[in-house]
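Numbering of residues begins at 1 and proceeds along the displayed sequence.
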Amino acid sequence: MDTTFFFVDWLGKPVWMWLSFFGLVLAILSFDLGILHKENKEINVVDSLKLSALYISLGLAFGGWVWWYIGPDAGMAYVTGFVVEKTLALDNVFVIALIFSFFAVPRLYQHRVLFWGILGVIVLRAIMIGVGATLVAEFSWLLYIFAAFLILTGLKMLFMKEAEPDIANNPLVRFMRRRFNVTENHHGEHFFVKQADPKTGKLIWFITPLFMALVLIEVADVIFAVDSVPAIFAITTDPFLVYTSNIFAILGLRALYFALAAMIHRFRYLKPALALVLIFIGSKVFAADMLGLEKFPAALSLGVTFAIIASGVVWSIIKTRNDEMEA
């Protein structure tokens, strides 16, 4: 058997590394859906935290392998990207909770929606990161555009009040209701059902609110990727590190959602920390040039990022605890 194909370089890494990663992700998802969640059941906060700890451990273990096999700088870049993506995902959790609430999705079926949402994310992020890596390799000045965008986004988060999404008037929701047959009620775990046409009496396909929730969650991820993908490209331009850190952070988001959704109010002061992280990540691209460095030191980048996020989490928990005590 000719094995040379597995050692062919693809996006900066041998094909076997990419295939091994995709195989690992497939095994994790198969274990999650086929064994841990073979039957639909509500996931409580304790189970959510346990599963989240497992996913975080897997993500960090992969980072340890990257550190050992590729090198310390690559390992630190991976961990930095993993931490940033995981933290930025908190905003995504808030939007997902709003979507589930608007469509009245029972907790029993939320895991199913999030599972299929993750599969969509794996494909969509692959496309976005592949395009981004190709463009950055061809036009290196795009990194400065990404960096400036991150700084502006961070400043906007710091000084502008963000309005709560109006799902009822969302153009995509209006489009689906106008163009497709939509059921008013849920039909278990089904995304599509056959029902009698009110006009003709013939059986036709309808989409359910569960499917509409899935579509909105996928679109929300694309919107959030506009921030997260440039952020990680400002950390490292290695497509393998960019994609793997993104996917490992997102894989655990589904598990973490059920715990975070119950305590999202405890992280209301984390957004300024996220804004500072984006500003720092964008600024270090320009700082490296000004200091005559080939790239910003990976260890310093990881240390500053972790310090900002940790401070934001601690401050948020302390601040909300005082609010509760005063109430």
Side-chain angles (χ1 to χ4, degrees), residues 21 24-25 28-29 32 45 48-67 74-97 114 117-118 121-122 124-125 128-129 150 153-154 157 217 220-236 240-264 266-278 280-281 298 301-317:
F21 172 71
L24 178 60
V25 170
I28 292 171
L29 291 176
D32 190 330
V45 173
S48 175
L49 291 173
K50 288 180 180 178
L51 194 56
S52 296
L54 173 63
Y55 272 109
I56 291 172
S57 298
L58 289 173
L60 293 177
F62 187 84
W65 176 82
V66 169
W67 189 302
M76 284 184 280
Y78 169 90
V79 174
T80 305
F82 179 80
V83 171
V84 169
E85 179 63 40
K86 202 77 172 174
T87 311
L88 287 172
L90 290 176
D91 264 358
N92 213 347
V93 167
F94 173 71
V95 173
I96 290 171
L114 292 173
I118 291 297
V121 167
I122 290 173
L124 291 172
R125 289 291 174 101
M128 296 179 72
I129 289 170
L150 291 174
T153 301
M157 289 173 65
I217 287 172
D221 178 74
V222 172
I223 294 171
F224 280 104
V226 173
D227 288 341
S228 63
V229 170
I232 199 162
F233 268 112
I235 295 168
T236 175
F240 186 76
L241 300 181
V242 171
Y243 188 65
T244 54
S245 60
N246 251 257
I247 297 306
F248 261 114
I250 293 168
L251 278 175
L253 174 62
R254 186 180 72 263
L256 191 58
Y257 166 78
F258 296 95
L260 287 179
M263 59 177 89
I264 194 68
R266 297 300 303 271
F267 297 96
R268 72 178 71 159
Y269 296 98
L270 184 58
K271 183 154 284 194
L274 295 180
L276 291 175
V277 166
L278 293 181
F280 166 70
I281 292 173
S301 180
L302 175 59
V304 173
T305 300
F306 185 80
I308 293 173
I309 291 173
S311 299
V313 170
V314 171
W315 174 252
S316 188
I317 291 174

Practice problem: Test side chain to side chain contact (heavy atoms under 4.5 Å, CB included) on Leu58 and Leu251 and set out the steps. | Solution: CA-CA 10 Å; Leu58 289 173; Leu251 278 175; over 6 Å; no

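- Using a 4.5 Å cut-off on side-chain heavy atoms (C-beta onward), Ile122 and Leu29 make contact.
- Taking all atoms of both residues into account, the shortest heavy-atom contact from Ile129 to Phe233 is O-CZ, 3.6 Å.
- Residues Ile232 and Glu85 have side chains not in contact (no heavy-atom distance under 4.5 Å, counting atoms from C-beta outward).
- Of all heavy-atom pairs between Ala234 and Ile281, the closest is CB-CG2, 3.4 Å.
- The two residues Arg125 and Asp221 have their closest heavy-atom pair at NH2-OD1, 2.9 Å.
- Listed by chain and number, the residues in a ring-ring contact (aromatic ring centres under 6.0 Å, His included) with Phe248 are Phe21, Phe62 (sequence neighbours excluded).
- Contacts classified as side chain to side chain donor-acceptor pair (under 3.5 Å) and involving residues 52-67 (residues at least two apart or in different chains) are given here: Asp32-Tyr55, Tyr55-Arg254.
- Residues Gly154 and Ala275 come closest through the heavy atom pair O-CB, 3.3 Å.
- Contacts of Leu49 classified as side chain to side chain contact (heavy atoms under 4.5 Å, CB included), with partners at least two apart in sequence or in another chain: Val45, Ala259.
- With rounding to the nearest 0.5 Å, the separation of CD1 in Ile250 from CG in Leu124 is 10.0 Å.
- For the residue pair Ser245 and Phe82, the shortest heavy atom distance occurs at CB-N, 3.8 Å.
- No option in Thr87, Leu278, Leu88 other than Leu88 meets the side-chain contact (heavy atoms from CB on, under 4.5 Å) test with Ser228.
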Name the atoms and distances for all side-chain donor-acceptor pairs under 3.5 Å in residues 304-315, with sequence neighbours left out.
{"unit_1": "Thr305", "atom_1": "OG1", "unit_2": "Ser301", "atom_2": "O", "d": "2.8"}
{"unit_1": "Ser311", "atom_1": "OG", "unit_2": "Ala307", "atom_2": "O", "d": "2.7"}

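- The side chain to side chain contact (heavy atoms under 4.5 Å, CB included) test applied to Ala77 returns Ile235, Thr236, Leu241, not counting sequence neighbours.
- The main-chain N or O of Gly59 is found under 3.5 Å from a side-chain atom of Tyr78 such that the two form a donor-acceptor pair.
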